[in-house]
> 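Structure provided below as structure tokens; questions to follow.
Naming convention: chains lettered A, B, ... in sequence-line order (proteins, then strands); numbering from 1 in each chain.
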Amino acid sequence: MKSFYLTTAIDYVNGSPHIGHAYEKVLTDVIARFRRLMGDEVFFLIGTDEHGQKVQMGARKRGIPAQQFVDNTAAEFRALYDRLGVSYDDFIRTTEERHQRVVREILQRLHDQGEIYRAEYRGFYSTRQEQFLQEKDRLPDGSWPEIFGEVTELVESNYFFKLRAYQDWLIDYLRTHEDFIFPRFRQKQVLEFLKEPLNDLCISRPRERLEWGIPLPFDQDFVTYVWFDALVNYVSAVWSEGAPRADRWPADFHVIGKDILVPPHAVYWPIMLHAAGIAPPKSLLVHGWWLLKGGQKMSKSTGAAVDPLDLVDRFGVDAFRYFLIREMNVGQDSEFSVELFLSRYNSDLANDLGNLVNRALNMAGRYSAGVVPAPEVLEEPERELQALWSRTRDEAISLCEGFQFHAALERTLTFIKAINRYVEQRAPWKLAKSSEPADQVLLRTALATMTEALRLGVTLLAPVIPGTTAKVNAALGHTPALKWSDELQWGTSLTGAKLQPGLVLFPRPETAKPPAV
RNA sequence: GCCAGGGUAGCUCAGUGGUAGAGCAGAGGACUCAUAAGCCUUUGGCCGCGGGUUCGAUCCCCGCCCCUGGCACCA
């Protein structure tokens, strides 16, 4: 059986991770967890991109070997993703032998097929930055910016991949696979881009200029540069006997940022695969960016970046994940500010959900000795709540399937609020003061209904805030099933369960201590 | 310049050819199981601007303005 194969972009390890890196991994993790709960066998890959000029220079600047430098930064990225609860199945590093072997194999195959040729590359070279410059790097007056130092025109021999030969094939492929890229408008953007003729792709750097890379198998004086290194991770991680494993490949989704769609993932990658006789991925999921207040772009150089670990330390992993997924409409950009974060934290998590959990456990403890009673009647308030549950569940699942996670969360929180409303309607604290048998029936029914509704509500939140779901289930004395098909039915499985006396999931910030996990 | 996305309540955003919605923030109220939380009621909008199609447009068409991103062999 083929797995649902999901990947994220591999991160370039020349700096520290920020909220953008964190978002992409959390988003993909939510998809992975959702698919698993829906019953799919999931294979979820993340990793790091560790070769190239900037890494080589970064290591040199610190006076340490490149391998040591990437070992350090890769560990930093991996630690963040572990901390964020990213449930990856494999973590690939482009410096690993298993990856390099596949890169060489594919390059050799394409070389043998005549898809790669050697030619002269002429351009303007900055010795200080150790790179060729582009025409767009020029200042308006035609001169080169100061940071490049002395710029000289020079000719360099390199290897090129026959990208252009596949342009028509790619256009045709995109026209016949309208769902290749989500959201749709991105696919139009790619087709627009392809209206201009492609140039062949320079895929090498002379070793004297760049040492930190994978040597070309057919010419040891060169290393391969970027594309045939980084992109290949998606297949090298699942490689076996000259091809990606059939139970993994083609990938169901490459999750990437909009900045690396055109041309790498939408143009180079499908063509590279096609030329090598490998099927393209099924689809690309393209997300937007987090912007600062007023639409300002996040940037490390201006210091305008958000350290995800800071928020995680202060408010917990789940609060952070919840915010990312609730605020971002997948595919579009979204604003980030601490004020927005706090607003979500307080109103959704602390007040609506957290407080509900606490009061429900407390009431059960107080009025029912901490044991969930059996429901005894089904009147209008119960019927309404159950009907809302059915709608919420169906809509949330359908929205998740279309990557509308923010909307799914919104519906789910509406259901959580409805539980609060139900509790007010039944007012167990009043029923408890009555000795009328009818009131006692209603009291037991109310306690049973609110706990069951709570169990269902937090189950629907599991892909986004798995830690919270687990804690609530534990507090409810409930061991959840692995699949949603066995979990999302309104029932009486909690009857007789022994409850925890209370649980503060999201403490208010004034008094906040970081919740344990 | 070309292409794409966006311009709706103080804020973040939904939305539909037929009297404009949610959440948060603001105001008032009843309650007390609960994290001074929850519940009920409520204030608030020339739906970027100007034309057009239509019985009727926030939604369709045209033009314009503003914001964001892309325009490759950088990742």
Side-chain angles (χ1 to χ4, degrees), chain A residues 9-12 14 49 52-54 121 123 129 131-134 136-137 158 160-161 163-164 183 185-203 225-227 229-231 257-264 266-268 288-289 291 293-297 326-327 329 331-337 339-340 342-344 346-367 404 406-407 410 413-414 417 419-432 446-447 450 502-512:
Chain A
I10 53 175
D11 297 311
Y12 198 53
N14 69 327
D49 179 12
Q53 194 78 44
K54 286 176 187 158
Y121 180 83
Q129 293 293 318
Q131 58 171 293
F132 277 95
L133 305 178
Q134 307 306 314
K136 69 179 179 187
D137 291 327
N158 262 313
F160 290 79
F161 169 58
L163 196 69
R164 188 171 198 168
F185 74 86
R186 294 281 175 204
Q187 182 135 341
K188 286 187 207 154
Q189 227 167 47
V190 177
L191 282 166
E192 199 62 35
F193 175 83
L194 288 170
K195 282 181 179 169
E196 297 296 315
L198 293 171
N199 292 328
D200 287 344
L201 186 63
C202 180
I203 60 160
Y225 196 65
V226 184
W227 316 118
D229 189 343
L231 290 167
K258 63 181 185 178
D259 52 325
I260 53 172
L261 175 66
V262 183
V267 178
Y268 301 160
W289 285 350
L291 304 173
K293 200 80 187 163
Q296 189 195 351
K297 200 165 145 185
R326 176 62 184 84
E327 286 296 311
N329 182 346
Q332 303 197 333
D333 292 342
S334 215
E335 263 186 48
F336 176 87
S337 72
E339 290 71 31
L340 286 171
L342 281 174
S343 170
R344 284 293 171 203
N346 283 324
S347 93
D348 290 4
L349 295 178
N351 295 349
D352 289 342
L353 176 58
N355 183 54
L356 172 64
V357 169
N358 198 33
R359 70 195 294 216
L361 292 173
N362 196 281
M363 278 186 269
R366 197 179 278 232
Y367 308 134
Q404 303 297 296
H406 66 300
E410 189 256 329
L413 261 290
T414 298
K417 284 167 169 293
I419 305 175
N420 272 318
R421 200 177 315 129
Y422 170 81
V423 171
E424 299 292 334
Q425 274 180 309
R426 283 308 189 194
W429 50 94
K430 286 181 187 163
L431 297 169
L447 295 174
M450 73 175 80
L503 174 62
V504 174
L505 289 167
F506 301 99
R508 296 191 64 75
E510 300 87 76
T511 59

> With no hydrogens and no angle check, is any side-chain donor or acceptor of N346(A) less than 3.5 Å from a backbone partner on L342(A)?
yes
> I'd like the P distance from U58(B) over to A20(B), given in whole Å.
9 Å
> Does U16(B) have a Watson-Crick or wobble partner in any strand here, with both distances under 3.5 angstrom, and which is it?
none
> Would you sort out whether K195(A) and E192(A) count as a salt bridge (charged side-chain N to carboxylate O under 4.0 Å, His left out), showing the intermediate values?
CA-CA 5 Å; K195(A) 282 181 179 169; E192(A) 199 62 35; 3.3 Å; yes
> What is the minimum heavy-atom distance between V190(A) and A266(A), and which atoms define it?
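Minimum heavy-atom separation between V190(A) and A266(A): CG2-CB, 3.6 Å.
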> Testing the basics here: between L505(A) and P507(A), what is the closest heavy-atom pair and its distance to 0.1 Å?
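Shortest heavy-atom separation between L505(A) and P507(A) comes out as O-CD, 3.5 Å.
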> Quick check: does any side chain N or O of N358(A) sit under 3.5 Å from a backbone N or O of L503(A), one acting as donor and the other as acceptor?
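Answer holds: yes.
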> What is the distance, rounded to the nearest whole Å, between atom CD1 of I419(A) and atom C1' of A37(B)?
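Whole-Å distance recorded here is 16 Å.
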> Taking atom P in both C13(B) and G6(B), what distance in whole Å separates the two?
13 Å
> With a 3.5 Å limit on both atom pairs, tell me what U32(B) is paired to, counting Watson-Crick and G-U wobble, or say none.
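Its partner: none found.
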> How long is the line joining CG of L413(A) and P of G23(B), in whole Å?
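It is 11 Å, rounded to the nearest whole Å.
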> Kindly say whether D352(A) contributes a backbone atom to a donor-acceptor pair with the side chain of N420(A) at under 3.5 angstrom?
yes
> Please work out if Q425(A) contacts a base, only the sugar-phosphate, or nothing of the nucleic acid, heavy-atom cut-off 4.0 Å.
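Contact class for Q425(A): none.
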> With C1' as the reference atom in both, quote the distance from C31(B) to C67(B) in angstrom, rounded to an integer.
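It comes out at 47 Å once rounded to the nearest Å.
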> Using the P atom on both, measure C49(B) against C59(B) and round to a whole Å.
10 Å
> In terms of side-chain heavy atoms of L340(A), which of U12(B), U35(B), A72(B) is nearest?
U12(B)
> In whole angstrom, give the distance that lies between atom CG of D352(A) and atom C1' of C39(B).
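About 11 Å, once rounded to whole Å.
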> What is the distance, rounded to the nearest whole Å, between atom CG of L231(A) and atom P of A72(B)?
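Nearest whole value for this atom pair: 19 Å.
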> Ignoring the backbone of E327(A), work out which of C24(B), C73(B), U12(B) is nearest its side chain.
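Among C24(B), C73(B), U12(B), the one nearest the side chain of E327(A) is U12(B).
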> Look at Y225(A) and A75(B) and indicate whether a side-chain polar atom (N or O) is within less than 4.0 Å of OP1 or OP2.
yes
> Between C65(B) and U12(B), how far apart are the two P atoms, rounded to whole Å?
25 Å
> For the side chain of Y121(A), counting heavy atoms from C-beta on, which of C74(B), A72(B), C33(B) is nearest?
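It is C74(B).
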> Let's test this: given Watson-Crick or G-U wobble pairing with both distances under 3.5 Å, identify the partner of U53(B).
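U53(B) is paired with nothing.
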> Need one value for D200(A): base, sugar-phosphate or nothing, where a base atom within 4.0 Å counts as base even if backbone is also close, heavy atoms only.
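Base contact.
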> Using the P atoms only, state how far C39(B) lies from C24(B), rounded to an integer number of Å.
8 Å
> Just the rounded figure in Å: distance from C1' of A4(B) to CG of D259(A).
16 Å
> Considering only side-chain heavy atoms of I260(A), which listed nucleotide, A4(B), C3(B), A75(B), is closest?
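Of all the options, the side chain of I260(A) is nearest to A75(B).
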> Which of these nucleotides, G38(B), A75(B), C40(B), is closest to any side-chain atom of P264(A)?
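The nucleotide sitting nearest to the side chain is A75(B).
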> Would you say a side-chain N or O of K417(A) is under 4.0 Å from OP1 or OP2 of C24(B)?
yes
> Select one nucleotide: of U35(B), C33(B), C24(B), the one nearest the side-chain heavy atoms of S343(A).
C24(B)
> Kindly point out which of C24(B), U35(B), G23(B) is positioned nearest to the side chain of R344(A)?
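The answer is G23(B).
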> What's the closest nucleotide to the side chain of F185(A) if the choices are G5(B), U35(B), C33(B)?
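So the side chain of F185(A) is nearest to G5(B).
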> What integer distance in Å separates L261(A):CG from A72(B):C1'?
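Rounding to the nearest Å, CG of L261(A) and C1' of A72(B) are 12 Å apart.
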> Closest nucleotide of RNA chain B for L163(A) versus for N351(A): which of these residues is on the 5' side?
N351(A)
> Using a 4.0 Å heavy-atom cut-off across all strands, classify F193(A) as base, sugar-phosphate, or nothing.
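Base, at least one base heavy atom under 4.0 Å.
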> Ignoring hydrogens and angles, does a donor from either the side chain of N355(A) or the base of A34(B) sit under 3.5 Å from an acceptor on the other?
yes
> Could you please name the partner base of C2(B), counting Watson-Crick and G-U wobble pairs only when both distances are under 3.5 Å?
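By the stated definition (distances under 3.5 Å), G70(B) pairs with C2(B).
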> Does any nucleotide pair with G26(B) by Watson-Crick or G-U wobble geometry, both distances under 3.5 Å, and what is it?
U42(B)
> Kindly point out which of C73(B), U35(B), C33(B) is positioned nearest to the side chain of E424(A)?
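That would be C33(B).
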> Return yes if some donor-acceptor pair links the side-chain N/O of D200(A) with the main-chain N/O of R164(A) below 3.5 Å, else return no.
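Yes; judged by distance alone, with no hydrogens or angles, the pair exists.
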> Any heavy-atom pair between the side chains of M363(A) and M450(A) that's under 4.5 Å?
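SC-SC contact between M450(A) and M363(A) confirmed.
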> Kindly point out which of A37(B), U35(B), C74(B) is positioned nearest to the side chain of L505(A)?
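For the L505(A) side chain, the nearest candidate turns out to be U35(B).
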> Check the phosphate of A37(B) against N358(A), side-chain N and O only, distance under 4.0 Å to OP1 or OP2. Yes or no?
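Indeed not, no polar side-chain atom of N358(A) lies that close.
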> What is the distance from CD of Q189(A) to P of G70(B), rounded to the nearest Å?
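Taking CD of Q189(A) and P of G70(B), I get 10 Å after rounding.
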> Taking any heavy-atom pair under 4.0 Å as a contact, classify K188(A): base, sugar-phosphate, or nothing.
nothing
> What is the separation between atom CG on L342(A) and atom C1' on U12(B), rounded to the nearest whole Å?
14 Å
> Rounded to whole angstrom, note down the P distance from A27(B) over to U68(B).
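Those two atoms are separated by 35 Å.
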> Looking only at atom C1', what distance separates G45(B) and C40(B), rounded to whole Å?
24 Å
> Could you check D348(A) against W227(A) and say which one's nearest nucleotide on RNA chain B is further toward the 5' end?
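This one resolves to D348(A).
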> Output yes when at least one side-chain N/O atom of R326(A) is less than 4.0 Å from OP1 or OP2 of U12(B), else no.
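The answer is no; no side-chain N or O of R326(A) sits under 4.0 Å from OP1 or OP2.
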> Heavy-atom distance under 4.5 Å between the side chains of Y268(A) and F161(A), does that happen here?
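A side-chain contact is absent here, since even the closest heavy-atom pair is not under 4.5 Å.
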